[in-house]
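First comes the structure, then the notes that go with it.
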There are 2 protein chains.
Amino acid sequence: MDRARGLLPPEGIDITEPCVVRDVADRVGDRWSLLVLGHLANAPQRFNALHRIIGDISKQVLSRTLRRLEEDGFVSRTVHDLTPPQVEYALTPMGWSFLEPMRMLLDWAEAHHNAIVRARNDFAAGQKP
Amino acid sequence: MDRARGLLPPEGIDITEPCVVRDVADRVGDRWSLLVLGHLANAPQRFNALHRIIGDISKQVLSRTLRRLEEDGFVSRTVHDLTPPQVEYALTPMGWSFLEPMRMLLDWAEAHHNAIVRARNDFAAGQKP
DNA sequence: CAGAATCCGAGCCGATACTG
DNA sequence: CAGTATCGGCTCGGATTCTG
């Protein structure tokens with residue numbers, strides 16, 4: 001796949017600051033963050049709305065996920081003082097800007113998902129017998 | 001940041017298959033995989049060469065990281081039967097193709113690293129006192 | 001409605017020691 | 001040279017229960 005290579009600078013990829021990418025991977029590489037960001041990209045949502053939409057996430061984990069995303073500036077949390085209380089989560093400008101590389105990743109994942117599954121099976125077949 | 005919004009389809013982001021992106025995030029979201037892929041993008045490397053270049057990774061963890069990347073088809077492993085033995089790791093075509101979205105992510109991470117650190121500090125300042 | 005408290009199990013990371 | 005074996009610690013995810 002030489003065309004892929006053509007997209008790179010002569011020296012390949014420069015990984016001089018692993019700590020930098022770690023800050024992103026730590027936040028976004030977990031089980032639910034990408035999913036939550038994807039849903040907030042469709043529309044701002046309240047807590048239980050997100051909980052219903054995603055379905056198989058516990059409130060505990062959703063709470064932690066949202067707070068971490070808020071902590072790193074991907075998501076904003078605004079409290080409307082009503083009864084019953086309403087808390088709305090939305091993407092910050094930084095959260096919006098992250099959607100572009102995120103979309104690249106999702107597209108790549110979808111395009112290569114079958115290849116990954118096949119590679120896994122081939123590897124297992126080569127090890128077992 | 002409406003320009004970011006303009007890059008998206010009307011409905012935002014479609015997260016209909018969370019399991020698909022999980023297959024990628026599971027492999028690439030860990031502590032070392034991106035770093036290893038970045039170095040193999042520069043040149044194929046042998047085990048101890050990678051170990052020296054990366055520096056602060058144990059042989060144990062490097063071994064596991066490489067095997068998982070091999071298992072999912074990002075990396076190839078070829079044994080040259082010599083004394084002393086030589087094992088060369090290189091990117092597969094799929095591994096090469098992954099460099100493009102990966103580069104997007106790295107660029108974004110570098111561009112927003114300071115903003116993330118600032119957001120973290122602001123959040124901590126808002127909670128503590 | 002929007003969480004917090006608590007406890008559990010799984011998996012990853014790391015260091016050290018050993019092997020063909 | 002290129003790993004494996006073993007053990008420990010830590011964090012993450014999940015289920016359950018309780019609160020303002």
Side-chain angles (χ1 to χ4, degrees), chain A residues 18-19 21-37 39-40 44-72 75-90 120 123 126-127, chain B residues 18-19 21-37 39-40 44-72 75-90 120 123 126-127:
Chain A
C19 61
V21 64
R22 288 294 305 154
D23 271 349
V24 178
D26 274 347
R27 198 60 18 165
V28 147
D30 69 343
R31 185 141 184 64
W32 297 106
S33 293
L34 285 179
L35 202 57
V36 169
L37 290 176
H39 283 296
L40 291 181
Q45 296 286 354
R46 293 179 13 218
F47 185 86
N48 277 345
L50 273 174
H51 188 227
R52 272 191 305 276
I53 294 172
I54 298 183
D56 52 348
I57 187 175
S58 76
K59 294 168 83 172
Q60 161 75 283
V61 172
L62 178 57
S63 176
R64 278 196 304 236
T65 301
L66 285 169
R67 194 159 346 95
R68 282 195 295 248
L69 288 173
E70 184 197 359
E71 183 175 350
D72 279 14
V75 158
S76 68
R77 174 178 182 275
T78 63
V79 180
H80 304 284
D81 234 338
L82 310 173
T83 47
Q86 287 194 2
V87 179
E88 191 166 70
Y89 293 92
R120 241 170 241 179
F123 186 86
Q127 300 299 94
Chain B
C19 61
V21 65
R22 288 293 305 152
D23 272 349
V24 178
D26 275 347
R27 199 60 16 163
V28 148
D30 69 345
R31 188 141 184 61
W32 297 106
S33 292
L34 284 180
L35 202 57
V36 168
L37 289 176
H39 283 295
L40 291 181
Q45 295 286 356
R46 290 172 24 210
F47 185 85
N48 277 344
L50 272 174
H51 188 228
R52 272 190 305 275
I53 294 173
I54 297 182
D56 53 347
I57 187 177
S58 77
K59 294 167 83 172
Q60 162 76 281
V61 173
L62 178 58
S63 175
R64 278 195 303 236
T65 302
L66 284 169
R67 194 163 343 97
R68 283 196 292 251
L69 288 173
E70 184 198 358
E71 184 176 349
D72 280 13
V75 158
S76 68
R77 175 180 181 272
T78 64
V79 181
H80 304 285
D81 233 338
L82 310 172
T83 48
Q86 286 194 2
V87 179
E88 191 166 72
Y89 293 91
R120 242 172 242 179
F123 186 87
Q127 301 298 95

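Order of the sequence lines sets the chain letters (A, B, ...), proteins ahead of strands, with each chain counted from 1.
Comparing D:dA2, C:dG3, D:dC12 against the side chain of A:D30 picks out D:dC12 as the nearest. When the nucleotides D:dG14, D:dA2, C:dA2 are ranked by their closest atom to the side chain of A:R64, D:dG14 comes out on top.
Residue A:W32 is tested with A:I54, A:L62, A:L37 for a side chain to side chain contact (heavy atoms under 4.5 Å, CB included); the sole match is A:I54. Checking each of B:V75, B:T78, B:V36 against B:Y89 for a side chain to side chain contact (heavy atoms under 4.5 Å, CB included) leaves exactly one that passes, namely B:V75.
Here the P atom of nucleotide C:dG3 and the CZ atom of A:R67 are 8 Å apart, to the nearest Å. The CG atom of A:D26 sits 11 Å away from the P atom of D:dG13 (whole-angstrom rounding). Across the protein-nucleic acid pair, B:R77 atom CZ and D:dC1 atom P stand 16 Å apart, rounded to whole Å. Taking atom CG of residue B:D56 and atom P of nucleotide C:dA15, one finds them 9 Å apart after rounding to whole Å. Distance A:N48 CG to C:dG3 P: 9 Å, rounded to the nearest Å. Residue B:L66 contributes atom CG, which lies 16 Å from atom P of D:dC1 at whole-angstrom precision. A:R31 places its CZ atom 20 Å from the P atom of D:dT11, with the value rounded to the nearest Å. One interatomic measurement links the two molecules: CG of B:L69 to P of D:dG3, which rounds to 13 Å at whole-angstrom precision.
Residues A:E88 and B:W32 both approach DNA chain C. Their nearest nucleotides, taken by heavy-atom distance, put A:E88 toward the 5′ side.
In this structure, A:V87 reaches the sugar-phosphate backbone alone: every heavy-atom distance under 4.0 Å involves primed, P, OP1 or OP2 atoms, never a base. B:R46 comes within contact range of the sugar-phosphate backbone alone, with a heavy-atom separation under 4.0 Å but no base atom that close.
Remark: the A:Q60 side chain and the C:dT6 base include a donor-acceptor N/O pair separated by less than 3.5 Å.
Phosphate contact (OP1/OP2 of C:dC13, side-chain N/O of B:S58, threshold under 4.0 Å): absent. Close to D:dC1, at under 4.0 Å from its OP1 or OP2, lies no side-chain N or O of B:Y89.
Pairing each heavy atom of A:S33 with each of A:V28, the nearest pair is CB-CA, 4.2 Å.
Here OG of B:S76 is found 11.0 Å from CG of B:L69. Values are rounded to the nearest 0.5 Å.
Under the 3.5 Å distance criterion, the side-chain polar atoms of A:S63 are left unmatched by any main-chain donor or acceptor of A:K59.
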